[in-house]
Amino acid sequence: PTIVTSPDSLALLGAGYSLGGQHDLAHEALSQKSLSKYGELGLWKSFTLAGLEDWNQAGKKLPKELGVIALYPPCLQNTLGLTLSEIALRQGRTSDADILLALISENMDILSPSDIATHDYLLGESNRQQLNIDEAKEIWTSLLKSKDDLYRTKAGLALTRLLYDEESISADDAIDRLERLRYAWRGDDLETQINYRLGLAYLCLLYTSPSPRDGLL
């Protein structure tokens, strides 16, 4: 019976739940006090919280040292690395995200088309944060032809915001792009983001201020 509550058992149980998408059960297992001293589990706690869409807490739990992922099998490098890359980018930790994305890029031969689209989208975001705007635009433009509906839509939204921000397109052009995206993805936060940005773009047309675009997209 003591094996069931041992740190090894709880850690494996939590990891198994995480990989199986049962993030609520994973969080419960990984939150046991007996596991608090094992720093490596911060990776799994962060991964689990992202699965629960608690990105703020996921960022707080993300360890400063992520190198241990390089010791994992390639399949785990990919699964954890993509999510942890997004967490790092949401925290502005672009150097950490780049390390993870570079590690994943070595496993391209075993990545699914969906994972490749995820990798490319995050790589574009990393470039955007580092002000490599042309590279970000090139990556996201390429994703517009992807067969992955989610990241084709996410790339379309990100590219529209970027082009509008640098004044490469007008509010009318932004509205046209966003209207098309509105029908490309339904039912979650991404749809909300698209509709929110579309509403702001429509409002922009009503502004009489000489700088109506500030803070809109």
Side-chain angles (χ1 to χ4, degrees), residues 14-27 43-55 58-59 61-62 66 69-91 93-94 96-130 132 135-162 177-178 180-195 197:
Y17 280 140
S18 289
L19 294 173
Q22 296 176 287
H23 298 294
D24 52 342
L25 297 176
H27 184 261
L43 299 172
W44 292 90
K45 292 176 182 178
S46 186
F47 176 78
T48 296
L49 287 164
L52 293 170
E53 297 189 2
D54 190 344
W55 295 100
K61 292 291 184 181
L62 186 65
L66 306 177
I69 292 183
L71 303 177
Y72 286 7
C75 58
L76 286 182
Q77 291 177 7
N78 299 338
T79 301
L80 266 70
L82 289 171
T83 297
L84 297 181
S85 295
E86 180 169 355
I87 296 169
L89 288 170
R90 286 172 178 262
Q91 294 290 310
R93 293 169 55 176
T94 52
D96 288 328
D98 283 347
I99 291 172
L100 293 172
L101 293 172
L103 183 65
I104 294 167
S105 68
E106 297 177 3
N107 305 322
M108 282 293 184
D109 57 327
I110 63 171
L111 284 178
S112 68
S114 177
D115 286 343
I116 292 174
T118 306
H119 172 275
D120 291 348
Y121 174 80
L122 295 174
L123 186 61
E125 174 58 18
S126 176
N127 276 284
R128 185 197 68 81
Q129 290 190 18
Q130 297 176 75
N132 300 322
E135 288 83 350
K137 287 194 291 187
E138 182 179 354
I139 292 169
W140 286 338
T141 299
S142 177
L143 270 177
L144 297 181
K145 301 177 182 178
S146 171
K147 295 182 179 179
D148 186 274
D149 291 341
L150 174 59
Y151 283 96
R152 184 176 66 250
T153 305
K154 289 174 74 75
L157 175 59
L159 184 61
T160 299
R161 294 180 62 183
L162 182 58
R177 288 168 175 260
L178 292 170
R180 281 181 276 133
L181 289 177
R182 193 157 65 97
Y183 296 98
W185 191 262
R186 295 294 185 96
D188 61 12
D189 183 60
L190 179 56
E191 181 186 8
T192 302
Q193 291 181 49
I194 293 169
N195 286 330
R197 297 295 169 182

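Quick note: residue numbers are just sequence positions, from 1. None of the values given here were measured: they were computed from a predicted structure.
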So CG of L144 and OG1 of T153: to nearest 0.5 Å the spacing works out to 9.5 Å
Between the side chains of N78 and D115, does any donor sit under 3.5 Å from an acceptor? no
Can a side-chain donor-acceptor contact be found between E138 and N127 if the only test is distance below 3.5 angstrom? no
For K45, is the NZ atom crowded, meaning more than 12 foreign heavy atoms sit under 6.0 Å from it? yes
Do T48 and S18 have side-chain N/O donor and acceptor atoms under 3.5 Å apart? yes
Should R93 and L62 count as side-chain neighbours, where that means a heavy-atom distance under 4.5 Å? yes
For A136 and G124, work out which heavy atoms get closest and say how close. CB-O, 3.4 Å
When rounded to the nearest 0.5 Å, the distance separating CG of L159 from OG1 of T141 is 4.5 Å
Would you check, one step at a time, whether the test side-chain contact (heavy atoms from CB on, under 4.5 Å) holds for Y17 with H27? CA-CA 9 Å; Y17 280 140; H27 184 261; over 6 Å; no
Heavy-atom side-chain proximity of D188 to E53 below 4.5 angstrom: no
E106 CD to L101 CG distance, which is reported to the nearest 0.5 Å: 12.0 Å
S46 and A58: which non-hydrogen atoms are nearest, and at how many Å? OG-O, 2.7 Å
Just how far is it from atom CG of N132 to atom OG1 of T94, taken to the nearest 0.5 Å? 9.5 Å
D148 side chain to Y151 main-chain N or O, any donor-acceptor pair under 3.5 Å? yes
Hey, does D120 have a side-chain heavy atom less than 4.5 Å from the side chain of S142? no
Examine distances only and state if a side-chain atom of T160 and a backbone atom of G156 form a donor-acceptor pair shorter than 3.5 Å. yes
Using the rule side chain to side chain contact (heavy atoms under 4.5 Å, CB included), only one of K154, R128, R152 pairs with W140; which is it? R128
The reported gap from CG in L43 to CD1 in I69 (rounded to nearest 0.5 angstrom) is 5.0 Å
Between L178 and L157, is the side-chain contact (heavy atoms from CB on, under 4.5 Å) condition met? List the steps. CA-CA 7 Å; L178 292 170; L157 175 59; 3.7 Å; yes
Evaluate the side-chain hydrogen bond (donor to acceptor under 3.5 Å, both in side chains) criterion for residues D98 and Q130: first the C-alpha distance (whole Å), next the side-chain angles of each, then the deciding distance (0.1 Å), finally the verdict. CA-CA 11 Å; D98 283 347; Q130 297 176 75; 3.0 Å; yes
Could you tell me the separation between the CG atom of L76 and the CG atom of L71, rounded to the nearest 0.5 Å? 12.0 Å
I'd like to know if the side chain of S105 and the backbone of A102 have a donor-acceptor N/O pair within less than 3.5 Å. yes
More than 12 heavy atoms from other groups under 6.0 Å of NE2 on H119: yes
Walk me through it: do T79 and T83 pass the test side-chain contact (heavy atoms from CB on, under 4.5 Å)? CA-CA 7 Å; T79 301; T83 297; over 6 Å; no
Which pair of non-hydrogen atoms, one from I104 and one from S85, has the smallest distance, and what is that distance? CD1-OG, 4.5 Å
Do W44 and L80 have side-chain heavy atoms sitting under 4.5 Å apart? yes
Minimum heavy-atom distance A26-G14, with the two atoms named: CB-O, 3.4 Å
